[in-house]
Protein chains: 2
Amino acid sequence: MTRVTSTQVAKLAGVSRTTVSFVLNEVPGMGISEETRERVLMAARQLGYVPNALARSLVTGATKTVALLLPHGDHVHIDVDAYIPRFVAGLSLTCHTSGYKVLLEPVAESNRPGAFVDLVDSGRIDGLIVLNPRHIDEAYLYELAGNGFPLVVFGSNLPEQHGICRIGVDNREAARRATAHLIGLGHERIAHIGFASDDYQVVRDRLLGYRQALEEHGIGERAGWIGYGNYSAQSGYEAMRAMLERAPGMTALFAGNDTIAFGALAALREAGLRTPEDVAVVGYDDIPLAAFACPALTTMRTDPFKEGNDAAATLLRVIGGGPPEETSVMEVAPLIVRQSCGAHLR
Amino acid sequence: MTRVTSTQVAKLAGVSRTTVSFVLNEVPGMGISEETRERVLMAARQLGYVPNALARSLVTGATKTVALLLPHGDHVHIDVDAYIPRFVAGLSLTCHTSGYKVLLEPVAESNRPGAFVDLVDSGRIDGLIVLNPRHIDEAYLYELAGNGFPLVVFGSNLPEQHGICRIGVDNREAARRATAHLIGLGHERIAHIGFASDDYQVVRDRLLGYRQALEEHGIGERAGWIGYGNYSAQSGYEAMRAMLERAPGMTALFAGNDTIAFGALAALREAGLRTPEDVAVVGYDDIPLAAFACPALTTMRTDPFKEGNDAAATLLRVIGGGPPEETSVMEVAPLIVRQSCGAHLR
DNA sequence: TTGTATGCGTTATCAA
DNA sequence: TTGATAACGCATACAA
């Protein structure tokens, strides 16, 4: 691993390191003669010179790197939730297109609050995107934002006061609409399987939206019809089974995400209940496999790829010194109606 | 963003920067008095001092960062293939546990060959993990390995000569077994839907394994029963439909991965064919949703999380100066038998 | 036991 | 038009 430095390029080209730097960085107004320029370029190419990113960053103060903080670094999450990979793909594309590297920083449940602050303080990154931050980390985010560090929080409804740049979809409204769709079909006995952890705001929002829809239509909530899983199909399966045991009789289910819905569908099938005739099901996310569930899953569409794009674009804007427009709520995507919710009840 | 430097810590503690460095890095045999030690630690804590990673790396020559090269950075891939996120999760966990950061480096189809070499030459990373490298990138990998750069290639059967540290599962053997299972059930009219791109070795290996199984049992191959998709369920659906149109009559399908299998199952259902009675189906990967397909999908298990772990562990060993054991083939995981392949034909 | 001096590979300021 | 020279923040050989 013999590394080529600008000194060697300078030597070969017969100029100083300064000149090399000027030429390679195309510093304007330096009036470098075309001939020296050529010589330097030749030498650089010949030696396969690539500037040392660390040295450059040290002096420029910019690392051209951003980090993505992901909840649930433990595999439990990434394992089963189809949302995150697509978000990452979108974010990554936008960053790389702008010449930024992406550092993947999973946040395990066991991480002490604010563990990510060291990453910032060590000067490795120019900005930070946080997906679905934990409650216990919020104070540290406020602090970073307060210090003017470029920061974008995605998918959380943090209070507005703290000058944090937030972006996201209104999960509550989306969940409300999904539930309302079932109500519109004539359902009143609507169950919900959400997430067990309420460490995360988005997670709570979907439950809130569900409740709001019921309330708006004067439908009382029934505790037995609210179940909890993690993000997995298996947990959806188990939650549905448990629910059928303790409080059967629902005619519809709003699942917290599509994988949960897959599990629930299996449990219903196993219990001899038909979907949508006996129990209609609506999911959330429209993962690529949703259309291939049986029956094909009705679900709230999300566009994680685009959301990743937007989150990255917003961060890059802030890094570039743009105005930190505090909050931007993306439009709620449409409900994709397929077979699993059936037609109007009568 | 006012950053704290070791100079400030030194000033506050009333010592030199050297002493600060010694204390904080716990350099052995430096005989620092317990009292100065305390003072330095206090000062560092009080100021919230975090060493600048760039400056440190510049002088130590180690960045404590590795990069993961991912094929198909375009969302098409990450979008639909459940394998990669789990691999990333495993890799990421192992790296972080050892104090290494992970840089995500997608390789888009459009990338010029060897684009990743700049990343190495710029000194940003201590090692590189390449998942399913493209053929056109191989020469550059040989070069890096030849220069002694820590490099682990996962999931490819590169020729052995080049001193590259390779690790992976024998996809061909796994595919052979999956196909043989169908043959063992009495099937002879077995179709296969694989991947359209043969840029990647793993992709070709599964087709080879399928062919090998047929051959070993004296079953002739039928061109019409080999279809191609990308990684998506949609493509599996389309490939299956096309195949049913041009060459119906197969009694079994070996799908190149589980998402393709999901699509194929839907196409079969739509065509009025029952699974497994009319057409048995075997997938590949055992993604978390495989057990919740209908019927539940028989599939070759892979353990991407563990594979990510192993790849990372191997790389870290090489970075640590360990012997670059050239090739290590992981054991082929078992076939998970569920409902989609049914019982013996008669 | 602690401090001084030097180097890592850049960029950037200033003379020349 | 180009070349010394000083940072950037840290680690470390060497001196005291």
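Naming convention: chains lettered A, B, ... in sequence-line order (proteins, then strands); numbering from 1 in each chain.
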### Rounded distance (Å) that lies between atom C1' of dC10(D) and atom CD of Gln8(B)
14 Å

## Note on the structure
Angle separating the five-pair end axes of the helix from dT1(C)-dA16(D) to dA16(C)-dT1(D), nearest 10°, is 50°

### Query
Of the nucleotides dT10(C), dG9(D), dT12(D), which one has an atom closest to the side chain of Phe22(B)?
dT12(D)

### Task
Side chain of Asn25(A) only, please: which of dT12(D), dT11(C), dC10(D) is the nearest?
dT11(C)

## Note on the structure
To the nearest angstrom, the CD-P distance between Glu34(B) and dT2(C) comes to 11 Å

### Message
Just so I know, are the side chains of Leu119(B) and Glu105(B) near enough to count as touching, which here means a heavy-atom distance under 4.5 Å?
### Response
yes

### Task
Verify the distance criterion only: is there a donor paired with an acceptor across the side chains of Thr97(A) and Thr94(A) at less than 3.5 Å?
no

### Summary
Whole-Å distance, Lys11(B) NZ to dT2(C) P, equals 19 Å

### Message
Below the 4.0 Å mark, does dT10(C) have OP1 or OP2 next to a side-chain nitrogen or oxygen of Ser21(A)?
### Response
no

## Note on the structure
When rounded to whole Å, the CZ to P distance for the pair Arg39(A) and dG3(D) reads 9 Å

#### Entry: Under the ring pair (Phe, Tyr, Trp, His ring centres under 6.0 Å) test, residues paired with Phe154(B) that sit two or more places apart
Phe87(B)

### Message
Judged by each residue's nearest nucleotide on DNA chain C, which is more toward the 5′ side, Gly14(B) or Leu58(B)?
### Response
Gly14(B)

### Task
Verify the neighbour count for atom CD of Glu34(A): are there more than 12 heavy atoms of other residues, nucleotides or ligands below 6.0 Å?
yes

### Message
Determine whether a donor-acceptor pair (one donor, one acceptor, N or O, separation below 3.5 Å) exists between the side chain of Thr18(B) and the base of dT4(C).
### Response
yes

### Message
Categorize Val15(A) for me: base, sugar-phosphate, or nothing, with a 4.0 angstrom heavy-atom threshold over every strand shown.
### Response
sugar-phosphate

### Query
Over how many whole Å does the gap from Asn52(B) atom CG to dC8(C) atom C1' extend?
13 Å

### Task
Take the protein atom CZ of Arg124(A) and the nucleotide atom P of dG9(D), then report the distance between them rounded to whole Å.
17 Å

### Task
May I ask you to check whether Thr36(A) and Ser33(A) show a side-chain donor-acceptor distance below 3.5 Å?
yes

### Message
Under 4.0 Å, counting only non-hydrogen atoms across every strand here, what does Arg3(A) touch: a base, just sugar-phosphate, or nothing?
### Response
nothing

#### Entry: Test applied, side chain to side chain contact (heavy atoms under 4.5 Å, CB included); reference residue, Val15(B); option that passes from Val9(B), Val23(B), Val20(B)
Val20(B)

#### Entry: Between Thr65(B) and Arg124(A): side-chain donor-acceptor atoms closer than 3.5 Å
yes

### Query
More 5' along DNA chain C: Leu54(A) or Thr36(B), using each one's nearest nucleotide?
Thr36(B)

### Task
Taking only the side-chain heavy atoms of Ser33(A) (C-beta and beyond), determine which of dT2(C), dG3(C), dT2(D) contains the nearest atom.
dT2(D)

### Message
Let's see if you can work this out: which of dT5(D), dC10(D), dG3(C) has an atom nearest to the side-chain heavy atoms of Thr19(B)?
### Response
dG3(C)

### Query
At under 4.0 Å, does any side-chain N or O of Thr60(B) touch on OP1 or OP2 of dA11(D)?
no

### Query
Is there a donor-acceptor pair closer than 3.5 Å between any side-chain N or O of Asn52(B) and the backbone N or O of Leu54(B)?
yes

### Message
Can you see if the side chain of Tyr49(B) gets near the phosphate of dC10(D) - specifically, an N or O under 4.0 Å from OP1 or OP2?
### Response
yes

### Query
Between dC8(D) atom C1' and Arg56(B) atom CZ, what is the distance in whole Å?
16 Å

